[in-house]
Amino acid sequence: MSTFLDIPLVSVIMPCYNAEKNILESIQSVLNQEYQNFELIIIDDNSTDATKDILKTIQDPRIKTIFSEKNNGAGYSRNKGIDIAKGRFIAFLDSDDIWLKSKLKEQIHFMLDNNYKFTFSYYQHFSNNGLGKVITAPSYTTYKKSLYGNVIGCLTVIYDTDYFGKQYMPLIRKRQDFGLWLKLLSIEKKAYCYPKVLAQYRTDSGMTQNKLNAAKHQWQFYRNVLKLDHVRASWYFSFYTINGFLKHSLFLRKSKYSNSDIE
């Protein structure tokens, strides 16, 4: 039988900025995990609301807090967390999202049982009005497949530093998580999906982008980060926009004919 010492440590990276409304719920979803060998590293990105005061009241030896002196963006904050992380596994959760209590237990076992190095899972939208649609994904993705569209939700990712070492996000304001996924997929051929909802993504907070801005940042990512020429960037961007349109159309059809937004 496995003992606590046999269970690998998971480092959970949580950047936050002006998250006073939701951060305690996000933190509690980590503390409630059935898998208890974790450290939670919270990086405050120089919040101007009560977030810092809230964090200073938390007394739990598993939680480490870092307070940045200036606002640097989520990618920089996540990288600071990765830098001090002590765990074999790195996981991510934003300060307005939540995990189901079995998230770490199920996903770590999925990785260890199958010798997977980089995994993600389904997740579900939610808001103050309740649960929304479920975001599913294919059983795996690759570097090339990801260029046509990102299917990996940041709040679901876990990667193994014993295999990859510590890998960091590019220092860009948007799409920094996608940059890390591509870096990992340039080392390991596949990222595998655990086909179950393990996390919930909040859609009624300031973190959610509008579609036009998302498209703009995706184009800039192809051109400025991946350094694709105009022809290749246009090729992949066309698939990105088509996939986005199809997903939006499916959601509208399901919303029209059903009382549920769940796919």
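Here the straight-line distance linking atom OG1 of Thr65 with atom CD1 of Ile27 works out to 9.5 Å at 0.5 Å rounding. Taken from CD1 in Ile135 to OG1 in Thr156, the straight-line distance is 11.0 Å, to the nearest 0.5 Å.
Judged by distance alone, the side chain of Asn18 and the main-chain N or O of Asp49 form a donor-acceptor pair under 3.5 Å. Under a 3.5 Å cut-off, the side chain of Asp97 and the backbone N or O of Arg202 do form a donor-acceptor pair. Checking side-chain atoms of Ser121 against main-chain N and O of Tyr194 turns up no donor-acceptor pair under 3.5 Å. Using modelled atom types, one side-chain atom of Asp45 and one backbone atom of Asn72 make a donor-acceptor pair closer than 3.5 Å.
In summary, the side chains of Ser29 and Asn32 do not present any donor paired with an acceptor at a separation below 3.5 Å, with no hydrogens or angles considered. Residues Ser146 and Thr141 bring a donor and an acceptor atom of their side chains to less than 3.5 Å of each other. Side-chain contact check for Gln200 and Tyr123: no donor-acceptor pair (N or O, by modelled atom type) lies under 3.5 Å. Side-chain N/O atoms of Ser11 and Glu39 include a donor and acceptor closer than 3.5 Å. Tyr159 and Gln167 share no side-chain donor-acceptor pair at under 3.5 Å.
Taking the six-membered ring for Trp and thresholds of 30 and 60 degrees, Phe110 and Tyr116 have ring planes more than 60 degrees apart, a perpendicular arrangement.
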Next on the checklist: Using salt bridge (charged side-chain N to carboxylate O under 4.0 Å, His left out), reason through Asp83 and Lys166 one step at a time and then give a plain yes or no.
Outcome noted: CA-CA 8 Å; Asp83 198 45; Lys166 287 186 177 181; 5.4 Å; no
Sequence neighbours left out, cut at 3.5 Å: what donor-acceptor pairs do the side chains of residues 55-62 make with other protein atoms?
unit_1 : atom_1 : unit_2 : atom_2 : d
Thr57  : OG1    : Ile54  : O      : 2.6
Asp60  : OD1    : Arg62  : N      : 2.9
Asp60  : OD1    : Arg62  : NE     : 3.0
Asp60  : OD2    : Arg62  : NH2    : 2.9
Arg62  : NH1    : Gln36  : OE1    : 2.5

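No continuous path of ILVMFWY side-chain contacts below 4.5 Å connects Ile84 to Leu171, so the two sit in separate hydrophobic clusters.
Between Lys105 and Gln33, every side-chain heavy-atom pair lies at or beyond the 4.5 Å cut-off.
Within a 6.0 Å radius of OH in Tyr76, other residues, nucleotides and ligands contribute 12 heavy atoms or fewer.
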